[in-house]
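For the numbers below, each heavy atom of this structure counts, side chains included, while hydrogens, waters and symmetry mates do not.
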Amino acid sequence: MSFASRLGALTRELAEVLASPSVQADSSRLDRISQAALRSLKTHTFLQTNHFEVENVLDGLDERFRINNRDDLADALRERLVALNSDSAKWHPEILHLLLELSDQPTFKSKLSDLELLGHCNTAPVTILRWEDIAKEDGWDEDGHLWQNVIYSDESEDEQEPIVESEATSLYGDGDGDHAMSVAESFITYTEDSNTLEQVKTAQRWRTQLPTEATTRHTRKVAVSEIQVIRDALFMLQGLDCTLFTRSCAAIPSFQLENMEWEPYRAMMQSFTDFGNRLRTLRLFVGQRQDVPHLQAFQDCISDRLRKLDHNISGLQTRLAAPAMTAVLSLVRIKAELTPWLQPLHALANIVSAIEPEPQPRPFRYLELVFDEACVAQLSGKTELYEFLARIFAECFRVYLRPIRLWMDEGKLLSASDLFFVAEISSNTPLGKTWQDRYHLRRTPDGTLHAPAFLRTAIGNIYNAGKNIILLKLLGKYDAAVSLKSRIEPPLDYETICPAGQELVPFAELFDIAFDRWIQSKYRATSTTLKNTLFDDWGLLSTLDTLHGIYLMSDGSASSTFSASMFTKLDSLQTDWSDRYTLTAAAQDSFSAIDPGRLIVTVSANLLNTPVVQARNSVRTVLAGIAINYRLPWPLQMIFNDTSMHHYQSLFTLLLQFKRATHALQSARILDNYWTDHDNWNARAIFYAARSKLLWFCTTVQTYLTTLVLTPIETQLRRDLNSSHDMDELISTHEEALKAMVGQACLGGRLTPIKESILNMLDLSLKLERIRSGTVDTKEHHGKSYRDRLTDIKVEVDRQVRFIWSGLRSVSRATSDAESAKWDMLADMLQAGDVNTS
């Protein structure tokens with residue numbers, strides 16, 4: 001048959017199979033569908049599979065296996081491809097291409113052990129049992145009378161009887177001994193001791209016996225032997241149905257132990273009921289569906305302990321059923337043997353019972369209670385119970401540790417991360433705020449951390465370890481960190497948490513030590529790598545020098561050049577003095593050693609509407625509106641954050657204001673006015689006295705800021721940064737140093753009146769210069785003479801100085817910290833130079 005005819009027949013058959021019943025009934029329609037399908041198949045444009053492409057894909061799959069550390073799978077694939085090439089066939093590329101199309105993540109879902117299932121089975125085939133073989137074995141294959149109908153009526157003829165006899169004879173009587181033993185009837189046995197069954201029935205008759213009612217109308221109890229009570233009690237503890245206890249483990253009051261009064265029997269049965277209720281609580285909890293992994297682990301721990309209990313009870317039942325020696329049965333003895341096995345389980349039942357009434361228990365509440373109960377058991381001296389609970393805690397905690405390990409090792413959060421105490425706020429956080437704002441610690445509605453209480457001392461390190469990994473990945477240093485922490489992490493099993501010889505150490509302390517050792521094995525390496533990256537690759541200390549040179553004016557030459565160009569324009573009343581482009585250009589020219597693209601000067605909006613005369617006459621709002629912005633690399637923005645930069649700007653403003661006052665006071669020179677001073681010597685003396693006092697004040701405060709505040713704190717800051725261990729220490733160290741600078745520079749909230757008085761002194765410096773140069777407004781002096789105006793300034797200067805040092809003295813005595821000690825030093829310096837002090 002030609003290929004075209006075979007293709008047509010196959011297409012017709014395919015159309016018949018796939019078509020609906022209504023189409024199959026219409027032969028003409030089915031013909032049209034078949035012809036259309038046949039034309040499509042004949043005119044298709046698909047070529048034969050490219051075997052070179054298949055080989056490339058297989059080579060890529062081999063390489064992918066090896067990259068993902070699946071060398072065993074790659075070797076197995078290569079071995080079978082070589083074997084396949086040795087016996088090549090025409091359709092091998094198509095078959096391989098089909099297998100590749102059907103594959104689904106072979107790198108991760110393939111198991112090498114599945115290849116063993118492809119082996120040939122060498123076992124002998126199972127022989128099928130047939131009736132013919134049975135007939136030959138039993139000897140009735142040639143019996144022609146076997147399948148004849150037997151008439152059992154009285155009218156049956158006599159000649160039929162031999163047929164039945166011959167049938168019976170052929171079945172049971174004619175064969176030899178071996179043949180007779182192979183029939184079914186030969187396996188029926190008849191007991192010779194018929195009394196045993198009756199004894200068993202008599203012994204168990206109490207189970208169906210109903211209590212009778214006495215003449216006194218009190219219900220009589222069914223007497224039960226002690227062995228039966230023990231048997232049913234053990235069944236009940238194993239969770240099995242029994243007669244003496246209900247399914248809820250309550251003792252049925254219709255029965256009573258023979259030879260025992262009702263009250264002691266009821267008390268004994270109540271104790272077993274209590275045992276059963278606690279075990280029933282555990283069995284019901286184990287049977288519940290739990291989706292939280294560490295709760296599943298807790299269920300598994302309980303199930304394992306219940307299995308051990310059932311095994312012990314089975315051993316006890318074996319001893320009772322087949323005693324090795326003469327023993328006296330005693331319900332009290334059985335209870336005493338059961339108590340040590342049941343007490344640890346009772347502790348677990350109390351934990352489960354304590355959780356169930358809570359409306360919305362936290363998923364890690366079980367861990368907290370097991371941890372607390374282990375601590376209490378240790379303090380109570382219950383060594384066996386303590387070890388029992390501590391082992392369960394260690395097993396459950398290893399499962400709870402999985403999201404912690406994933407976060408600390410890879411910086412990843414599980415999709416269902418509501419159970420974890422770290423959550424991602426937004427993945428679109430700016431890079432410079434990754435450390436502070438991208439992640440946060442989840443809290444409960446009452447403000448506590450969403451984490452077990454025994455972990456709260458270590459949460460900070462766990463939280464930071466994951467953020468370290470995130471930053472190292474962003475900085476391209478993750479591989480270096482992984483190589484440093486490649487050593488095996490210490491285990492967290494019971495033997496590690498509670499080592500031998502440390503039985504007197506509190507369990508909480510033992511856990512903290514072991515868990516901190518586990519955390520540090522991961523945290524220290526990543527923190528060290530991140531710190532070295534910031535110091536070496538991103539120049540943290542050199543950037544700190546740059547910031548101090550700009551904002552703290554440690555580069556005095558550059559700062560003076562920048563401020564002098566601005567003050568000259570102010571004094572000459574140039575309206576473009578506040579142009580931000582001009583100021584930016586001046587700053588970039590002054591700080592030439594800094595990358596000019598990172599330095600920008602901004603001016604506040606309200607400063608643009610301030611008259612230039614008013615800007616010249618005050619250091620308060622005008623200079624506070626001048627801000628220098630140094631654009632930091634994003635990794636360093638996490639350390640030099642917005643809070644720190646705000647402190648830098650406050651210090652820069654204060655130092656700029658002092659430079660403005662000093663610039664105004666130094667514009668007047670004594671030798672320039674030497675010959676004209678004789679004409680009005682008294683007024684000039686007052687001027688020089690006020691100017692000297694103001695210069696002394698500015699110089700004293702600047703000396704205090706430089707030698708006692710900025711330089712010591714900056715030196716200590718460098719030492720602290722070098723000794724810091726992680727990002728939080730770097731950030732907090734820098735923030736605390738800037739906060740100390742601001743506080744000791746009298747810029748804090750407690751010294752607001754002192755700060756305002758200092759600014760008044762600086763404004764008096766500007767006013768003194770205006771009076772000297774004759775540019776003071778007539779409304780400002782109210783018709784006073786030149787000498788009177790100078791006298792007023794002199795008096796005000798003395799008053800302000802006295803107020804400043806006396807206020808600093810009072811505040812420093814009211815507090816006792818590092819800032820108050822510095823304020824007291826500044827007060828001593830100002831008081832020593834105040835010649836008018838009485």
Side-chain angles (χ1 to χ4, degrees), residues 431-441 457-472 474-475 477 481 516 519-520 523-554 630-652 654-655 705-745 747-748 817-822:
L431 291 177
K433 297 183 180 297
T434 300
W435 185 268
Q436 291 89 348
D437 298 339
R438 183 171 178 179
Y439 299 93
H440 74 105
L441 293 174
T457 57
I459 282 180
N461 287 338
I462 298 173
Y463 180 50
N464 290 343
K467 293 195 294 183
N468 286 343
I469 297 296
I470 299 296
L471 290 181
L472 289 173
L474 293 175
L475 294 171
K477 296 292 183 178
D516 182 70
I519 289 177
Q520 293 303 324
Y523 179 57
R524 187 179 295 110
T526 57
S527 298
T528 302
T529 305
L530 181 58
K531 177 186 174 182
N532 293 337
T533 302
L534 294 176
F535 273 74
D536 300 337
D537 297 349
W538 295 94
L540 188 146
L541 293 180
S542 61
T543 303
L544 184 66
D545 293 336
T546 301
L547 293 177
H548 289 179
I550 296 174
Y551 293 98
L552 305 185
M553 298 185 180
S554 61
Y630 181 72
R631 187 168 57 86
L632 295 162
W634 73 263
L636 300 183
Q637 291 178 15
M638 294 179 292
I639 298 176
F640 309 125
N641 51 28
D642 295 341
T643 302
S644 299
M645 298 308 295
H646 176 72
H647 291 327
Y648 274 125
Q649 186 60 45
S650 299
L651 293 169
F652 171 78
L654 178 63
L655 295 175
L705 293 176
T706 303
T707 59
L708 296 180
V709 177
L710 301 182
T711 301
I713 295 178
E714 180 183 359
T715 304
Q716 184 64 37
L717 172 61
R718 292 178 179 276
R719 290 197 294 264
D720 293 342
L721 289 177
N722 286 319
S723 61
S724 298
H725 298 92
D726 53 24
M727 278 288 291
D728 272 351
E729 286 192 24
L730 291 174
I731 295 172
S732 61
T733 297
H734 186 256
E735 285 187 356
E736 291 298 325
L738 267 294
K739 184 179 179 181
M741 289 181 182
V742 170
Q744 296 177 20
L747 297 178
D817 51 15
E819 293 181 354
S820 62
K822 294 296 181 66

* Between Leu474 and Leu431, what is the shortest heavy-atom contact and its length? -> CD1-CD2, 4.0 Å

* Asked: Which heavy-atom pair separates Trp435 from Asp728 by the least distance, and what is that distance?
  -> NE1-OD1, 3.0 Å

* Asked: With Phe652, which residues qualify under ring-ring contact (aromatic ring centres under 6.0 Å, His included), at least two apart?
  -> none

* Could you list the residues that satisfy salt bridge (Lys or Arg N to Asp or Glu O under 4.0 Å) with Asp516, not counting sequence neighbours? => none

* Which value, rounded to the nearest 0.5 Å, describes the distance between Leu540 atom CG and Leu636 atom CG? -> 5.5 Å

* Answer whether the closest heavy-atom distance between the side chains of Leu471 and Pro635 falls below 4.5 Å. => no

* To do: Taking salt bridge (Lys or Arg N to Asp or Glu O under 4.0 Å) as the test, write out the residues that go with Glu729, two or more places apart.
  => none

* To do: I would like to know whether His725 and Tyr523 meet ring pair (Phe, Tyr, Trp, His ring centres under 6.0 Å); could you show each step before the answer?
  => CA-CA 10 Å; His725 298 92; Tyr523 179 57; 9.6 Å; no

* To do: Indicate yes or no: at least one non-hydrogen side-chain atom of Leu710 is less than 4.5 angstrom from one of Leu655.
  => yes

* **For Asp817 against Ser820, the heavy-atom pair lying closest together** => O-OG, 2.7 Å

* Got a sec, which pairs hit side-chain hydrogen bond (donor to acceptor under 3.5 Å, both in side chains) with one end in residues 530-541, sequence neighbours left out? -> Lys477-Asp537

* Asked: Do Leu730 and Phe535 come within less than 4.5 Å of each other through their side chains, counting heavy atoms only?
  -> yes

* Partners of Glu735 by side-chain contact (heavy atoms from CB on, under 4.5 Å), sequence neighbours excluded? -> Asn641, Thr643, Ser644, Ile731

* Asked: Does any pair with a residue in residues 461-470 pass salt bridge (Lys or Arg N to Asp or Glu O under 4.0 Å), and if so which ones, sequence neighbours excluded?
  -> none

* Those residues that, when tested against Ile713, pass side-chain contact (heavy atoms from CB on, under 4.5 Å) (two or more places apart) -> Val709, Ala737, Ala740, Met741, Gln744

* Asked: With a 4.5 Å limit on heavy-atom distance, are the side chains of Leu632 and Ile639 in contact?
  -> no

* Side-chain contact test, heavy atoms from C-beta onward, threshold under 4.5 Å: evaluate it for Leu547 versus Met645 and give yes or no. => yes

* **Pairing residues for His647 by the ring-ring contact (aromatic ring centres under 6.0 Å, His included) criterion, not counting sequence neighbours** => none

* Over all heavy atoms of both residues, which pair between Tyr630 and Tyr551 is shortest? Give the atoms and the distance, please. => N-OH, 3.3 Å

* Return the set of residues passing side-chain contact (heavy atoms from CB on, under 4.5 Å) with Thr706 (not counting sequence neighbours), or none when no residue passes. => Thr711

* Selection residues 632-646 - residue pairs positive for salt bridge (Lys or Arg N to Asp or Glu O under 4.0 Å), sequence neighbours left out -> Lys433-Asp642

* Within a radius of less than 6.0 Å around NE2 of His440, do more than 12 heavy atoms belonging to other residues, nucleotides or ligands occur? -> yes

* Structure fact -> Residue set satisfying ring-ring contact (aromatic ring centres under 6.0 Å, His included) with Tyr463, at least two apart, ordered chain then number -> none

* Structure fact -> Closest heavy-atom pair, Met727 versus Met638, reported as atoms and distance to 0.1 Å, is CE-CB, 3.9 Å

* Structure fact -> Closest non-hydrogen contact found for Ile470 with Tyr439 is CD1-OH, 3.6 Å

* side chain to side chain donor-acceptor pair (under 3.5 Å) partner of Ser527, chosen from Asn468, Asn461, Asn464 -> Asn468

* Interatomic distance, Thr715 atom OG1 to Asp720 atom CG [nearest 0.5 angstrom] -> 11.0 Å

* Asked: Side chains of Leu705 and Leu651: closer than 4.5 Å at any heavy-atom pair?
  -> no

* To do: Please examine the side chains of His548 and Leu717, heavy atoms only from C-beta on, and report whether any two atoms are closer than 4.5 Å.
  => yes

* Asked: What pairs with Thr707 under side-chain contact (heavy atoms from CB on, under 4.5 Å), at least two apart in sequence or on another chain?
  -> Thr703

